[in-house]
Structure formats: structure tokens, C-alpha cells
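In what follows, chains carry the letters A, B, and so on, assigned in the order in which the sequence lines appear, proteins first and then strands, with residues in each chain numbered from 1.
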Amino acid sequence: METLFGDLEDIKAGESALFADVILPVPIPKMFTYKIPRNLKEEIGIGFRVIVQFGKKKILTGIIGKVHQKPPSAYEAKPILDVLESHASVNPIQIRFWAWMAEYYCCHIGEVMNAALPSGLKLSSESKIQLNPTFDADTSPYPLDDREALLLQALSNKEEMSYEDCEVVLGIKSIHGIIKSLVIKEAILVFEEVKEKYSPKVESRIRFRTDLAKDKEALEAVFNEVSNKPKQEEILLKYLQEVPVYRNPELNQNGLEKKVLSDAGLSLSSLKTLIKNGILEEFKIIVSRFEDEQGHNEDIVLSPEQEQAQNTIKEAFEEKNTVLLHGITGSGKTELYIKLIQEALEGGSQVLLLLPEIALTTHIVGRLRQVFGSKMGVYHSKYSDNERVEVWNGVLSGKFSFVVGVRSSIFLPFDSLGLVIVDEEHEVSYKQFDPAPRFQARDAAIMLAWLHQAKTLLGSATPSFESFYNARLKKYGYVTLEKRFGDAQLPEFQLADILVDKKKNLLKLDFTRLMREKIQEALKNQEQVLIFQNRRGYAPYISCEECAWIPECEHCDVSLTYHQFGEEMRCHYCGFREKVPQSCRACGSSKLSAVGLGTERIEESLSLLFPEARIARMDLDTTRSKYGYQRLLEDFGSGNVDILVGTQMITKGLDFDKVTVVGIMDADRILYFPDFRAGERAFQQLTQVAGRAGRREKKGTVIIQTRRPEQQIFQQVMSGDYKNFYIQEMGERQRFFYPPFVKMLKITTRHKDFKTAEKAARYLHNLMAEIQVKKILLGPEKGLIGKIKNQFIFESIVKLDKSGNAQAQFKHELQLLIEELQVQKDFRAVRFIVDVDPY
DNA sequence: AGCACGCCGACT
DNA sequence: GTCGGCGTGCTC
């Protein structure tokens with residue numbers, strides 16, 4: 001009726017109805033067409049946040065992707081329920097960016113939206129119940145049981161109750177059955193309440209009643225009045241001390257934070273009395289979650305090398321949109337960035353600086369804050385929802401013209417980006433693995449910059465091969481910065497042969513003699529040591545000495561890692577935990593031993609070898625909490641720790657003068673990785689770890705423990721010979737058709753049944769083979785880890801010709817094939833995952 | 001992805 | 001008899 005009436009109105013008004021294609025945060029490959037109600041017509045446009053009903057129950061936040069006049073033919077469009085703001089939350093550039101991302105990374109635009117909007121901007125709808133007004137217990141034909149009666153009783157003196165309230169009232173968890181029953185008995189109604197998740201931070205403040213403050217005589221009177229009430233007097237005096245109203249009555253308007261009074265230990269009940277008596281009043285204001293800091297836009301003085309690099313970058317930007325800055329560790333890239341950012345901001349553009357997750361907690365942010373103060377927004381993964389929304393809104397309102405952030409900050413609502421900087425551009429953490437969109441933030445940032453007609457600067461001491469390749473092809477500009485800032489010296493490298501030491505019985509608790517000696521020396525000189533091992537836990541597995549049985553995860557095809565802390569076995573893939581077995585489950589022997597090296601075990605070994613040293617460990621397990629990482633860094637920085645053991649976390653952002661020795665426990669573990677990028681990554685990791693040794697005055701030492709010291713890569717890392725290493729590795733990549741010579745796609749097939757997973761993977765593989773595009777197909781093979789979370793995994797690799805539109809065509813046809821397969825009933829529950837440019 | 005609807009086993 | 005398992009279909 002409503003819609004019919006609406007249509008008639010429209011016809012009368014001589015205009016056709018308006019429809020909107022809405023982006024919804026659901027993994028369905030299309031937008032949904034909703035009708036724009038007449039009363040909202042004026043208030044809606046592309047990028048607006050709206051509320052719609054989706055399916056029978058769900059209420060979702062959507063973003064208007066398109067407005068048009070074409071009514072859907074196959075169904076009656078539902079109306080848009082409401083518009084959330086009077087402005088667009090998402091600008092047209094962002095919508096184009098989302099669409100590009102969905103297409104390039106083979107996912108749905110809804111999935112992009114999901115990743116892009118901080119969850120505080122997505123609505124939550126909560127189910128609530130209320131009394132059915134027509135219900136009368138006395139005349140109801142349905143008898144109520146005790147719990148139902150209790151619930152109705154509780155509801156009778158309230159407007160509404162949430163499911164959680166019900167749980168509290170009844171004292172049980174499973175309330176769904178009871179609610180359902182009451183609905184059937186027509187005693188209650190269930191409805192959805194839509195709530196905005198974001199809530200601004202509200203601060204309580206205190207001030208004199210407004211007219212009082214202006215009237216000195218009245219104030220005198222008040223003080224006389226309270227002179228025999230010391231607690232009240234104390235409060236008023238404190239207030240005057242903080243807010244000198246006598247001298248300047250205007251100040252009263254802004255009052256004083258209530259917290260100041262309570263922190264000063266003043267009586268809150270006396271405060272209440274003062275408020276009740278109309279002397280003081282309490283009011284609330286909305287405040288920012290971020291402290292206001294004044295940056296002093298200082299004049300950055302660059303070294304001659306930095307200045308030259310800056311000029312070269314600017315020249316390169318004249319012709320190229322993207323420039324690669326190849327600057328060795330410690331060459332002072334940060335200062336250069338600051339200079340470039342300042343200039344871009346002065347030109348009225350916005351700036352985005354991307355940092356790898358882990359680098360964000362370190363001093364670089366502090367340094368930037370000094371310069372840019374509160375016009376800089378920080379977007380970190382450990383931020384709460386509310387904080388994220390505030391950064392988002394800050395960009396929207398223009399409060400933040402410059403943002404430092406992790407990979408997801410490419411989604412912030414910039415409207416006039418002038419410069420994007422991707423620091424440590426080779427970092428693996430720029431790639432999102434799971435869930436979709438599986439994007440590479442560095443690549444996406446370049447696209448984003450292009451959409452804004454902005455420039456991108458990629459910075460790294462060990463550039464990714466992709467970027468270096470593009471630089472050599474002259475697609476990117478290329479600038480080097482080779483001198484260490486402040487004449488810090490490059491570290492000295494020494495290889496320690498694990499096997500030789502083992503033979504000579506010099507290997508103690510996995511430490512070679514050389515490594516032990518160097519650590520000892522550093523300790524003696526009160527210097528600090530970093531020990532790197534890219535594996536957390538105590539030991540990667542335990543094994544029965546009698547029959548070689550190894551405890552494995554029940555849900556995944558991996559061995560369980562032994563964690564000494566908590567005495568448990570953990571799966572690093574699904575989080576499964578169990579107690580350490582006391583005896584072998586296969587043969588009953590109690591001889592179980594830990595095999596392999598994790599950070600926990602190294603920490604233990606160190607405490608045995610160097611009992612007097614203060615040792616700390618930095619890995620995922622010790623830095624889970626919001627400030628865990630920062631605390632460890634501060635501890636280490638202030639010299640409270642002599643030896644820090646850690647995973648690759650320690651390769652980032654640590655920048656302490658007192659580190660003179662860096663030890664790499666097992667370089668072979670980095671080298672032998674079944675992946676075409678293993679060499680590239682090993683070079684990067686070794687170089688990055690080594691870069692932590694010796695800054696400023698003293699030359700550092702890097703000790704690399706290995707079983708094969710003759711390998712060439714060590715010489716190349718030691719001499720910093722990136723280019724030679726690159727040329728050699730690239731030869732291999734070209735011969736065997738690996739990126740960046742081809743475009744690579746990984747197609748993962750997952751299902752809980754091994755046979756079905758295999759069958760589906762084969763099926764898709766054969767279909768892909770028929771796509772008429774120049775390509776190489778590999779697989780399908782059982783995944784490196786055959787089962788994760790009870791899902792069996794098969795993988796196919798596709799290598800596509802980079803020229804022409806081969807990749808676009810292939811991706812397009814692949815999407816169609818997958819859709820086709822998903823409809824078949826054997827493959828309904830199979831998940832096909834396309835990963836473009838996989839890592 | 002969620003969620004409802006619908007059809008078969010093990011239970012008060 | 002019913003509760004609830006998850007196979008299947010649908011979402012503007």
C-alpha cells in the first residue's frame with residue numbers, strides 16, 4: 001500500500017521514482033537496489049551512509065554507490081529506512097578506489113567496504129523485546145511456565161528489555177527458547193533497535209552558576225556562606241585556583257574538568273551539595289580522544305646528502321608518479337620524509353604516511369608528533385573502534401591533514417591527497433592475507449595516489465624486487481641515499497659455523513663459541529645484545545625418543561608448538577591448546593623431548609649461559625596487550641635489559657645506541673623456505689636485523705649462525721651488495737616465470753571433506769585451463785599445510801602474461817567459473833579463494 | 001556470510 | 001511424540 005501510494009504521488013508530481021544501488025557489507029558480488037523514499041530524496045547522494053533492511057531480520061549500514069531511475073524488474077525494491085548523516089561519509093574517489101580494489105583483488109565490493117569502514121561506523125542492531133499491549137495474562141489461552149511468568153513480570157514495569165537484560169533477570173544463558181515461546185503466545189513483541197556504535201567521549205566539567213560568576217558580590221556572599229563548611233570551601237578555593245574567575249569572569253564559561261577535583265582528593269558529596277545549592281553547576285562537553293599537542297613546525301636541517309636526495313626526488317616527481325627511495329638503514333629517511341610532508345602540507349594537500357604495523361609504536365611517531373602536533377592523525381591497529389572513528393572523522397573534517405597509519409589507513413576519507421609515502425615498502429605486513437580483500441597496501445596506495453593525482457614515495461633499505469624492477473624499467477623514479485646519517489658505521493659481520501662447533505663440542509645450548517664470546521664481551525662493556533630467531537614458543541615440536549611420535553593439532557595438519565610458559569602445546573594456526581602430554585600416546589614411553597628452537601627456549605638457554613645478564617623476550621606472546629610492545633621497548637631503551645631475544649619484531653624500530661652485538665641464531669631457517677621469495681626475504685631480513693647493530697660511535701658486530709657458511713648470499717648481505725644479489729635472483733625468476741615477470745594468482749580450495757576439496761580443486765583447475773589466455777597453470781596441490789581448522793586445503797598457482805589485458809580477462813572469467821561451480825550442489829560448501837599477488 | 005526453512009536421527 | 005542436526009536457498 002505504502003509503495004503504491006508513493007508511486008502515485010510520484011506520478012502526480014510528474015517525476016519517476018528514484019532508486020539507489022547500495023553497497024552492503026556482505027560477501028555477495030553485487031550491489032542491492034533500494035527505493036529512495038520521497039522524503040529522503042533531497043538528502044541522499046553517492047557515498048551517504050544509509051540504513052536498510054536486508055533479508056528478514058538484518059538491519060545493515062550501506063553506502064550509496066549509485067542513484068538512478070531504473071526500477072528493478074524482478075522484484076519490488078525495499079525502501080531505504082533512513083539516512084545517517086547530512087553529508088557523504090565516503091567520497092567519490094573512495095568509491096572508485098573500492099571498485100578498483102574489488103576488481104583487481106577478485107573480491108566483492110561489500111568486502112572492501114567491510115575492511116574500509118571502521119566498525120564504529122557500521123551500525124549494530126540489537127534485538128529487544130517489549131510487552132505486547134494486547135496481551136492479558138488472565139484471558140490468554142496459553143499457560144505460562146515459571147520462567148516466562150518471571151520474564152513478563154520483569155518486563156511489566158519497563159518499556160523494553162534487551163536479550164542481555166533477559167539473561168540477567170532469568171539468570172540463565174539460553175533465553176532464545178523462552179522468548180520464542182512468549183512470542184508465539186502473543187505475550188511479547190520482538191523488535192530491532194538500531195544503534196550507532198561510535199560514541200563521542202564526554203567530559204564532565206564544573207563551573208559557577210553562570211550568573212554568579214559575573215557578580216563579585218554574590219561570589220563573596222557564597223564564600224561567607226561556606227566559611228564554616230571546610231570541605232565545600234576547599235572545593236571552591238581549588239576551583240578559583242585553577243580558574244581565576246575573579247580576574248576574568250569569562251573563564252568560568254569553560255569551567256574545570258570534574259576529574260581535577262576528584263583527583264585532588266576533594267569530597268564528591270560536598271561537590272554534590274554545592275551543585276544542589278545552585279552554587280556550582282555540572283555540564284558536559286564532547287572532547288577528542290586524542291590529546292591536543294602543538295607541533296612546532298620546525299625548520300628541518302638536512303645533511304648535504306639528504307638535501308640532494310630531496311632535490312632528486314622532486315625532480316623525479318616532475319616526470320614520474322612514483323619514486324623509490326633506496327636508503328640504507330640509518331641514512332635519515334625520517335627527516336627527509338618530514339621535509340617532504342611539510343612541503344606538501346604547505347601546498348594545501350593531504351599526506352598519508354604508511355608504516356608497517358610494528359613500526360608505529362616507536363619513536364618515529366613521537367618525532368613526527370613533535371613537528372606536526374595535532375594536525376597529524378595516527379591510525380593504528382591496536383586502536384579502539386571509537387578512536388578509529390575519530391581519526392576517520394578528523395580526516396573528514398579537515399582536522400587531520402596528515403595521517404600516519406598502518407595498511408588500512410589507505411581507506412581513510414581523503415579528498416585531496418598530494419603525497420603518499422610508504423616506508424619500509426618491502427615489508428610483508430603490507431599484504432593482507434585474510435580475510436578479503438587480500439590487498440597489498442603499497443600497491444593499493446599507488447593506485448590511490450593516482451586517483452588523487454598525487455605522488456607516491458616508496459622508501460626502503462632493501463626494496464622489494466617488484467619496486468626495484470619497476471625502478472629499473474623507469475616506471476618509477478629511483479633515488480639513493482647511501483651515507484649513514486651522522487657518520488654511523490656499518491657493522492662488522494662474522495659467520496659462525498654451527499656444524500663445525502658441534503663437531504668440536506663447542507656448541508652449548510645452540511650457541512656457537514663465537515656467539516657466546518661476543519655476547520660475553522658486550523655484557524662486560526655494558527652494551528646491549530639482540531638475539532634473533534624467527535620462531536616463537538619454546539620448541540616447534542616435541543617428539544618421542546622411542547618411536548618418534550609427534551603431537552599434532554586436532555584441527556590442522558601441523559605439529560603443536562611447545563610453550564614452556566603455561567606448560568602447554570599450542571597450534572599457531574588455529575589457536576588450539578592442550579596440556580603437555582606426560583607420555584607418548586603411541587607407545588607409552590615417557591621419554592619426550594623438545595626439538596628445535598623457539599624464542600622461549602633461547603631465553604632459557606641464555607639465562608643458563610649468562611646467569612648475571614638481564615634477559616627479555618619480545619614476540620607475539622609477550623606483546624599481545626596494547627602497550628606490551630611499547631613497554632618492552634622502553635625497558636630495553638632505558639638499559640634495564642642486557643639481552644633481548646625476539647622474532648622479526650625486533651628488526652623494526654629498535655634504534656638504540658647501546659646495541660653492539662646482534663646474533664642470528666639460525667640463518668638457514670630463513671633461507672630454506674619453500675617459496676620463490678625466500679632469497680629476497682632472507683636478504684631483507686638479514687640486512688634489517690644487522691642494521692640494528694652499532695649506531696653512532698661504535699661499530700657493531702653481527703654474528704650469523706649457519707650450517708652452510710659458504711653460501712653466496714652471506715657475502716652479499718655483508719657487503720651490502722643488493723644490486724648484485726638482485727640481478728642474480730632475478731635471473732632465476734625470469735627463467736622459472738616468477739613475479740615480477742608474470743602476474744601470479746593463487747587459488748585456494750577449502751572444504752571439510754578431503755575428497756570434495758580435491759575434486760573441486762581439480763574441477764576448477766581444468767576449467768581454468770580452458771580460459772583462452774597466455775598462462776602457466778600449476779597444481780592443484782595439497783596445501784603446504786594440508787588442513788587448517790578442520791578444512792582441507794588445495795592450491796593452484798596461475799602465472800599470467802603481464803602484457804595486454806590477459807590478467808583482467810582471466811580474472812573476469814575465473815570469477816564466472818567460480819560462481820558457476822558454487823551453484824553445483826556438490827560444491828556448495830566449498831570455498832574458493834583467489835589471492836592476487838600472493839605472498 | 002548469516003539466516004530461515006525443511007527433512008531425518010536420539011531423546012525427555 | 002519432539003528437539004535439533006546441518007543441507008539448501010535467498011538476500012534488493
Practice prompt. Output yes when A/Lys30 and A/Asp21 qualify as a salt bridge under the 4.0 Å nitrogen-oxygen rule, no when they do not.
Written response: no
Fill in: Spacing of A/Tyr34 atom OH relative to C/dT11 atom P, expressed in whole Å
11 Å
Worksheet item: To the nearest angstrom, how far is A/Lys56 atom NZ from C/dC10 atom P?
Response: 11 Å
Worksheet item: When you check the gap from the basic side-chain N to the acidic O, do A/Arg570 and A/Glu568 get nearer than 4.0 Å?
Response: yes
Discussion item. Measuring to OP1 and OP2 of C/dC12, would you say a side-chain N or O of A/Tyr75 lies under 4.0 angstrom away?
Written reply: no
Response to the item:
Separation of B/dC3 atom P from A/Ile28 atom CD1, nearest Å, is 13 Å
Item to complete: Please state how far atom CD1 in A/Ile51 lies from atom P in C/dC12, giving the value in whole angstrom units.
Response: 16 Å
Worksheet entry | Spacing of A/Ile109 atom CD1 relative to B/dA1 atom P, expressed in whole Å | 18 Å
Practice prompt. Report yes if a side-chain nitrogen or oxygen of A/Arg828 is closer than 4.0 Å to either non-bridging phosphate oxygen (OP1 or OP2) of C/dG7; otherwise report no.
Written response: no
Worksheet item: Of the candidate nucleotides B/dC5, C/dG7, C/dC12, which contains the atom at the shortest distance from the side chain of A/Lys78?
Response: C/dC12
Item to complete: Indicate whether OP1 or OP2 belonging to B/dG2 is found under 4.0 Å from a side-chain N or O atom of A/Lys58.
Response: no
Fill in: Side chain of A/Phe32 (C-beta onward), nearest among C/dG9, C/dC12, B/dG2
C/dC12
Worksheet item: NZ of A/Lys30 versus P of C/dC10: gap in Å, rounded?
Response: 11 Å
Item to complete: Report the distance from atom CD1 of A/Ile833 to atom C1' of B/dA1, rounded to the nearest whole Å.
Response: 13 Å
Item to complete: Answer whether the closest heavy-atom distance between the side chains of A/Cys106 and A/Arg438 falls below 4.5 Å.
Response: no
Worksheet entry | Whole-Å distance separating the CD atom of A/Gln822 from the P atom of B/dA1 | 8 Å
Discussion item. For a 4.5 angstrom cut-off between non-hydrogen side-chain atoms, does A/Leu814 reach A/Ile747?
Written reply: yes
